[in-house]
Structures are given as structure tokens and as C-alpha cells.
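Structure first, then comments.
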Amino acid sequence: MLLFRSTNGQSPAVNLREALLLGLAPDRGLYFPDTFPKLTPEEIAAFARLPYHEIAFRVLSKFTEGIIPRDVLAAMCHAAYNFPVPLEIIHVRVFLMRLDQGPTASFKDFAAQMMARMFGRFLKEDNRQVTILTATSGDTGAAVAHAFHKIPGVRVIVLFPAAEVSESQRKLMTTLKDNVRTVAIDGKFDDCQAMVKRAFADPALAHIPLSSANSINIGRLLPQSVYYFYAASRVAQAGEPVVFSIPSGNFGDMMGAVVAREMGLPVKKIIASVNDNDAFPKFLATGHYEKISPSRNSLSNAMNVGHPSNLARLVAVYGGQMDETGKINKLPDLAAMRRDIFSTSISDECTVAGVREVWNNFQLLLEPHGSVAWQGFQDWTAVEPLGNSPAVIIETANPAKFPGEVEKVVGWAPDVPANMQASLQLPESFDRLGADYEKFRAYLLQQHTAA
Ligand SMILES: *Cc1c(COP(=O)(O)O)cnc(C)c1O
């Protein structure tokens, strides 16, 4: 059975089930596979003829052996991935992969839908209950709330920065009710994330079984490797390396590409495109890591992250060690990292220009996150030749989630997809708290006794 170790190295290795249910390791590190299961070139070549849910099954079954029976996993994949994954041609062999057709119109549905099903199964088997505590910069909360809505044994508490999420992002989480509670925090996303992290380490809350659905949960990460296999199966010849440009905040999406590559997918370059929160591109260039605190606001608000939580995992893949505060105890192999990964910071001005250019030149509509990926790809082609390689730009949200930004550029507001339309009509309910940990602890205790 595959084991998962903590990036801090102070907690025992656990299986997928425990890693998923715990979220964060007891030593506050992140769980990561001890060794990566491999797919052979033949197994990967066979993906060209398979639908998305079947590729998901073949990739994820490498991690769930001995934990989830194969027929159960196959049914989960079938139920979770019942929406299209469009790949649109931008030009020649450059494609746009739209990961926005799930229930909350962001790529986070890919992970949340699968993780919720795994959680539901593990909890039922053990007759256990958990409270899922999650901080969101907008889209995670919606995806997690929808995925876990009405799952027995689960209560969901979502913290979001009151002033940093768009109206439609907020309504996708605050209109669900039942086992889902949302809390508007008068602070930044980083404050929400810090409060969640403290709650996990708080002895006064030890009697409440808490779990996380943030990208720190390994259950969020593994399903995000699948769409890289899927994209390659549709745009590349067997064995042909692909370039991926990924709009990055907490680097969970980008780590999905790293996991796919570690499992055997040929990848020419991973482009980690960030907004003004440029701690990672600076680190890659200099070897010196300095988190950005407070994080910087930008148009791509789901990426306003000053200290990307998944960096500890990336550093671990390259043989280094970074603790949860961002302190590097052992440097990773920077030369190898630079060979595999390119990273660049895209300003808001450049983000707006990207939406305009892609619309004017190719009649394809991007929203700010996808535009950051597009512009990051442009930056990369300025320093390395693409040649005849296929490239995939990741669009992580539906343009209708950012109607204001998009309308300013193209002159009209994008159509709202039917799945979002429904949520926007329903009445909202959410609680409000300051960015004050003591108050949050009291809130959690009160929620627990109320149940
Ligand atoms: C969360 C999110 C991102 C960033 O993904 P990470 O895995 O945190 O890097 C990018 N775009 C959108 C629309 C998102 O919701």
C-alpha cells in the first residue's frame, strides 16, 4: 500500500485514507506520496481513446489500491466527472483547456467532487463524523461546499475574506445551507488561511474532529493530476512532451502537473504564472524565499496568495525541505527545478491586455486567471523556443464569474451558465467575524456544541 509522508518529516507515514481524513499532518507538514506510482508509456498512450472519467479512474487507482475497491472508484469517477472538459485551439498547437464546466464553474470542482466522494465513503465505513474547515479566496469554498453539501457525517465551515470575493463567488457558497456554514472574515485570504491553520493545531479544539479541504489536503491534489493526462491524450502524439501554463496561487493546480510528470507523463515545461504575488518566481530566480505579507490584491483574486501552501511539496519533490512558515531548512535542487519549471509574475495591466488580445485575435474569451496563464506562456516563449511542441493554457474559471472585469475589456458581460444561474437566485445566509483567532475558536466551540 502506498504511504504518505509529511513534508516536515516529524509525523509517521500514513495511508491515503488517514492522510485524507487528517488533512494536515500532526507536525503541521503536508502529506505527500512516499514514492510516485508510475504509468507506463503504453498505459498513457491508451488514454487517447478514453473518456475523462476513465482516465481519472486509471490514474487515481494507482493511489487507491488497497483502500478503495476498483469498481467503487470507477463509479465515483463516473459520477464526479459528468461534465465536458473542452480543449479549444488558440492557434496551431496552442490550446486552451477550460476547467470551468463543473457545478461551481471553476477548476476546483475537479478535486472537490472526487474528494467529497472519498470522504463520504471513509466516514461511512468508520461511522465517523468530521468538520471540514476551509479557507477560501473565492472558488475553493464554493467547490467544497457544493461537493460536500448533504454528505452524511460531514459539517462544512467555510471562511472567506469579506471584501475579496466576487458576488457570484460568494453566492455559490452562501446559498447552500444544511450542513454548510459560511463565515465572512473582515480580513484577507491569508488571515482566513492562518486562522484555519491555527485551529488545526489548537489543543482547545482537539476534541473536535477537524479536517481540511484546502489544497493542503492530498485528496485535493491527486485528482488535479488527471486533467494533465487528459489534455496530453487529446493534443499530443504518444510520448510527445507538452508545455502547460498554469495560473497559480497556492500551487495546488501546478502540483497536479508535477504529480502527472512524476507518474510518467512527458512534460516539456511547467509554467507557473502568478499575479503580483511573486514570491515563487523570485525564489526560482535567486534561491532566496521571502513570503509576501500581506498578500497583494490583484484582478485574479483567487491567486492573491503571499505564501503558497503547496511550495513545501514542490520543494520536497526536488529534495529540499520547507516548513509551514516558509523557512527553508534544506535547499531543493534549483538547477533541476529551473529545467522543469518556468515562473513569471503578471501585472493587472498585463492581465487586462491578455483578455483583450485573446478576444481580438482569436475570439476566445478569458477571465483574469486564464489571462495570467496566457501571458505567462508569452513570457516563456520569449526565452525558450516552443518549436512544434503542443502547449496547453489552463483556464481555471468561467468568465461569467468575473463579469465586471470581462465587460470592461470586451464591452459585454458573458452569459451566466445555467448551473451558476440557480445559485444566484437563492437567498444567502452567512456569519461574520473579525480576523481574530480567539473569536473564531469560540465560534467553532459553539458550532460544535450546537450540533
Ligand atoms: C484557486 C484558483 C486558482 C489557483 O489555484 P492554486 O491551486 O491555488 O494555485 C486559479 N484560478 C482560479 C479561478 C482559482 O479558483
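Note that ligands are numbered from 1 as they come in the structure, with each ligand's atoms numbered from 1 the same way. Note that the numbering runs from 1 along the sequence shown for the chain. Since the structure is predicted, the reported quantities are computational estimates derived from the model, not experimental observations.
- Listed by number with element, the atoms of ligand 1 under 4.0 Å from a non-hydrogen atom of His369 are 10 (C), 11 (N), 12 (C), 13 (C).
- Close approach to Pro247 involves these atoms of ligand 1, each under 4.0 Å from a residue heavy atom: 4 (C), 10 (C).
- For ligand 1, the atoms lying closer than 4.0 Å to a non-hydrogen atom of Asp139 are 12 (C), 13 (C), 14 (C), 15 (O).
- Contact annotation for Gln224 and ligand 1: no heavy atom of the residue comes within less than 4.0 Å of the ligand.
- Interface atoms of ligand 1 facing Lys108, defined by a heavy-atom separation under 4.0 Å, are 1 (C), 2 (C), 3 (C), 14 (C), 15 (O).
- Remark: the backbone N or O of Leu99 is not paired with any side-chain donor or acceptor of Glu395 at under 3.5 angstrom.
- Taking every heavy atom of Phe107 and a limit of under 4.0 angstrom, the matching atoms of ligand 1 come to 1 (C), 2 (C), 3 (C), 5 (O), 7 (O), 14 (C).
- Trp412 and Trp359 have their aromatic ring centers within a separation under 6.0 angstrom.
- Listed by atom number, the atoms of ligand 1 under 4.0 Å from Gly252 heavy atoms are 6 (P), 7 (O), 9 (O).
- Interface of Ser248 with ligand 1, defined as ligand atoms under 4.0 Å from a residue heavy atom, comprises 9 (O).
- Interface of Ala397 with ligand 1, defined as ligand atoms under 4.0 Å from a residue heavy atom, comprises 13 (C).
- Taking a cutoff of 4.0 Å between a charged side-chain nitrogen and a carboxylate oxygen, Lys269 and Asp340 do not qualify as a salt bridge.
- Salt-bridge annotation for Glu324 and Lys197: absent, with no side-chain N of the basic residue lying under 4.0 Å from a carboxylate O of the acidic one.
- One option in Ala111, Ala143, Gly249 has a heavy atom closer to atom 4 (C) of ligand 1 than any other, and that option is Gly249.
- With atom 7 (O) of ligand 1 as the reference point, the heavy atom nearest to it among Asp253, Asn398, Thr104 is part of Asp253.
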